[in-house]
Amino acid sequence: GCLSGGATRHVLRLLTDLMALWRMMMMPPKYQLLALLAFAVAMVFLENQIQKLEESRGKLERAIARHEVRAVDDRHIQEGAREVQADEEEDIVVIYNRVPKTASTSFTNIAYDLCSKNHYHVLHINTTKNNPVMSLQDQIRFVKNVTSWKEMKPAFYHGHVSFLDFTKFGVPKKPIYINIIRDPIERLVSYYYFLRFGDDYRPGLRRRKQGDKKTFDECVAAGGSDCAPEKLWLQIPFFCGHYSECWNIGSHWALEQAKYNLVNEYMLVGVTEELEDFVMMLEAALPRFFKGATELYRTGKKSHLRKTSEKKPPTKESIARLQQSAIWKMENEFYEFALEQFQFARAHAVREKDGELYLLAQNFFYEKIYPKTT
């Protein structure tokens, strides 16, 4: 290492004494002056070199200190980035505004089964009399709860509530919406028998129409209200939202708004008829919530837990009669639109091989990254 200032002076004094002794002992008097001059020049040169070494050492120490400071700053930045990423992963809210009789209970049970393992909360939105439209003050309360209830995040909310646009309330971050829809006539038939016979989920619970033994076909033939085309009008308003026109039966504006929301506000909308594909795609897109969902759906006892009892398929005549209505045509148009969107997303995410579905690997990468890092 470099000599300190005190050590340097000590060495110089020692060298001076030795040189003086050497002059007296070895040199004739006439050369002593020249020797002293040469020695002085050498000492000045040596002192100058030592000073330069001292300055170089100081510069090196300052450079090392700056490097250490930068390393600490970089480490703090990296740790901060990791903390931000972790915070973002925790600050996720998924809302499943479930449409009745679309396999919603079966799907929700998957979320309940995974919440402890994947460390998130599941909350049921229980509205009075299952009213899918909230009052304005309840909308504000709900938005505030969802966005600021940090203790519950990450959170999975589910309930029979129509779509609610969070941007209207000035919140900085919107929740992730998902949903499932079903063939409109099949959904209505399932609901018709559910009201009369219940299901195998809560078989002892008395239903609203319990005791009415009339079949769906008999209801259609008699022009009953429980199987009227107006009862088909449900999936469109659920996606349309909290606007008065959404609930005007047969509204073309509501149909277009439902389509718009499905494409622009929902991360993914599946169909009851292809539920396993929907679960698989959710696991790939949102592993924070749905890691392990596909295997659970395939092997778990709750995969098809809720089945409506005493359900009889409608005849072709009953189906044809309902299909004559303008309401069915609009609800079916929306269903076909949703199905097309889902199948498009699935075609770019899932493949089938030997009867088994599997997800495609990542199909993009980054290149030509500038400026180059050293």
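Keep in mind that this is a model prediction, so the values were computed, not measured.
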| request: Please test Glu55 against Lys52 for salt bridge (Lys or Arg N to Asp or Glu O under 4.0 Å), starting from the C-alpha separation and ending with a verdict. | output: CA-CA 5 Å; Glu55 291 175 354; Lys52 288 182 178 180; over 6 Å; no
| query | With no hydrogens and no angle check, is any side-chain donor or acceptor of His160 less than 3.5 Å from a backbone partner on Arg98? | reply | yes
| request: Measure from the ring center of Phe163 to the ring center of Tyr177 and say whether it is less than 6.0 Å. | output: yes
| request: Output, in order, the C-alpha distance, side-chain angles, deciding distance and verdict of side chain to side chain contact (heavy atoms under 4.5 Å, CB included) for Thr108 and Thr105. | output: CA-CA 5 Å; Thr108 303; Thr105 300; 5.6 Å; no
| message | Other members of the hydrophobic cluster containing Ile64, with the 4.5 Å side-chain heavy-atom rule, please. | response | Leu60
| Between Glu273 and Glu186, does a side chain to side chain contact (heavy atoms under 4.5 Å, CB included) hold up when you go through it step by step? | CA-CA 10 Å; Glu273 295 78 8; Glu186 289 184 4; 3.4 Å; yes
| message | Quick one, Val122 and Tyr157 - any side-chain contact, counting heavy atoms below 4.5 Å? | response | no
| Hey, are the side chains of Lys117 and Lys291 touching, using non-hydrogen atoms and a 4.5 Å cut-off? | no
| query | Would you call the rings of Phe142 and Phe166 parallel, tilted or perpendicular, where under 30° means parallel and over 60° means perpendicular? | reply | perpendicular
| said: Within 45 degrees of the ring normal and closer than 6.0 Å to the centroid, is that where the cationic atom of Lys353 sits relative to Tyr358? | reply: no
| said: I want to check something: taking the side chain as every heavy atom from C-beta on, are Glu61 and Arg57 in contact at a cut-off of under 4.5 Å? | reply: yes
| query | For Val350, which residues count as a side-chain contact (heavy atoms from CB on, under 4.5 Å) partner, sequence neighbours excluded? | reply | Met280, Met281, Arg346, Leu357, Leu359
| field | Any residue meeting side-chain contact (heavy atoms from CB on, under 4.5 Å) with Ala103, in chain and number order, not counting sequence neighbours | value | Thr272, Leu275
| task | Could you grab the distance from atom CD of Glu54 to atom OG of Ser56, nearest 0.5 Å is fine? | result | 9.5 Å
| task | Indicate whether the side chain of Asp217 and that of Thr215 have a donor and an acceptor atom separated by less than 3.5 Å. | result | no
| query | Ser325 side chain to Leu322 main-chain N or O, any donor-acceptor pair under 3.5 Å? | reply | yes
| Hey, are the side chains of Ile95 and Ile176 touching, using non-hydrogen atoms and a 4.5 Å cut-off? | no
| note | Between the CG atom in Leu262 and the CG atom in Asn179, the distance rounded to the nearest 0.5 Å is 8.5 Å
| Where at least one partner belongs to residues 125-134, residue pairs that pass side-chain hydrogen bond (donor to acceptor under 3.5 Å, both in side chains), sequence neighbours excluded | none
| Lys168, NZ: over 12 other non-hydrogen atoms inside 6.0 angstrom | yes
| task | Examine Ile180 and Val263 and state if one hydrophobic cluster contains both, with Ile, Leu, Val, Met, Phe, Trp and Tyr joined whenever side-chain heavy atoms are less than 4.5 Å apart. | result | yes
| said: Both conditions, 6.0 Å and 45 degrees, for the charged tip of Arg196 above the ring of Tyr192: are they met here? | reply: yes
| message | Quick check on the 6.0 Å ring-centre criterion: do Phe278 and Phe107 meet it? | response | yes
| request: In sequence, state the C-alpha distance, the side-chain angles, and the governing distance for Glu274 and Phe342, and then conclude on side chain to side chain contact (heavy atoms under 4.5 Å, CB included). | output: CA-CA 10 Å; Glu274 299 173 12; Phe342 175 70; 3.4 Å; yes
| said: Tell me which pairs pass salt bridge (Lys or Arg N to Asp or Glu O under 4.0 Å) where either residue lies in residues 152-161, with sequence neighbours left out. | reply: Asp91-Lys153
| said: So Val189 and Lys101, do their side chains get closer than 4.5 Å, heavy atoms only? | reply: no
| task | Apply side-chain hydrogen bond (donor to acceptor under 3.5 Å, both in side chains) to Thr147 and list each qualifying residue two or more places apart in sequence or on a separate chain. | result | none
Please list, one pair per line, the donor and acceptor atoms closer than 3.5 Å that link side chains of residues 229-241 to other protein atoms, with sequence neighbours excluded.
residue, atom, partner, partner atom, Å
Trp233, NE1, Cys246, O, 3.2
Gln235, OE1, Arg182, N, 2.9
Gln235, NE2, Arg182, O, 3.0

| field | side chain to side chain contact (heavy atoms under 4.5 Å, CB included) assessment of Lys213 paired with Phe197 | value | CA-CA 9 Å; Lys213 304 295 184 180; Phe197 302 102; 4.2 Å; yes
Could you go through residues 362-371 and list every donor-acceptor pair under 3.5 Å that involves a side-chain atom there, pairing it with any protein atom two or more places apart or in another chain?
residue, atom, partner, partner atom, Å
Gln362, NE2, Phe364, O, 3.0

| task | Give a yes-or-no answer on whether the side chains of Tyr112 and His158 include a donor-acceptor pair shorter than 3.5 Å. | result | yes
| request: Indicate the ring-plane relationship of Phe334 and Phe337, choosing parallel, tilted or perpendicular according to the 30° and 60° boundaries. | output: parallel
| field | Side-chain (Arg288) to main-chain (His119) donor-acceptor, under 3.5 angstrom | value | yes
| query | If we only count heavy atoms from C-beta on, is the Pro132 to Trp247 side-chain gap below 4.5 Å? | reply | yes
| Does Gln139 use its side chain to pair, donor to acceptor, with the backbone of Met134 at less than 3.5 Å? | yes
| field | Cluster link Val171 to Leu123, ILVMFWY, side chain under 4.5 Å | value | yes
| task | Check whether any side-chain heavy atom of Ile319 sits under 4.5 Å from a side-chain heavy atom of Gln323, and report yes or no. | result | yes
| task | Classify the ring geometry between Phe156 and Phe290 as parallel (under 30°), tilted (30 to 60°) or perpendicular (over 60°). | result | perpendicular
| message | Is any side-chain heavy atom of Ile178 closer than 4.5 Å to one of Val269? | response | no
| said: By the definition side-chain contact (heavy atoms from CB on, under 4.5 Å), identify the one residue from Leu282, Ile110, Val94, Asn118 that meets it with Phe289. | reply: Val94
| said: Enumerate the side-chain hydrogen bond (donor to acceptor under 3.5 Å, both in side chains) contacts for residues 236-245, please, sequence neighbours excluded, ordered by first and then second residue. | reply: Ser162-His242, Glu245-Asn248, Glu245-Ser251
| message | Check this for me: does any side-chain nitrogen of one of Arg298 and Glu295 sit under 4.0 Å from a carboxylate oxygen of the other? | response | no
| For Gln137, which residues count as a side-chain contact (heavy atoms from CB on, under 4.5 Å) partner, sequence neighbours excluded? | Ser135, Arg141
| remark: Output for pair (Leu339 CG, Asp183 CG), nearest 0.5 Å, gives 10.0 Å
| What pairs with His252 under side-chain contact (heavy atoms from CB on, under 4.5 Å), at least two apart in sequence or on another chain? | Met330
| Which residue pairs pass the side-chain hydrogen bond (donor to acceptor under 3.5 Å, both in side chains) test when at least one of the two sits in residues 255-271, sequence neighbours left out? | Asn97-Tyr266, Lys174-Glu265, Gln257-Asn261, Lys259-Glu333
| message | Are there over 12 heavy-atom neighbours, none belonging to Trp149, within less than 6.0 Å of that residue's CH2? | response | no
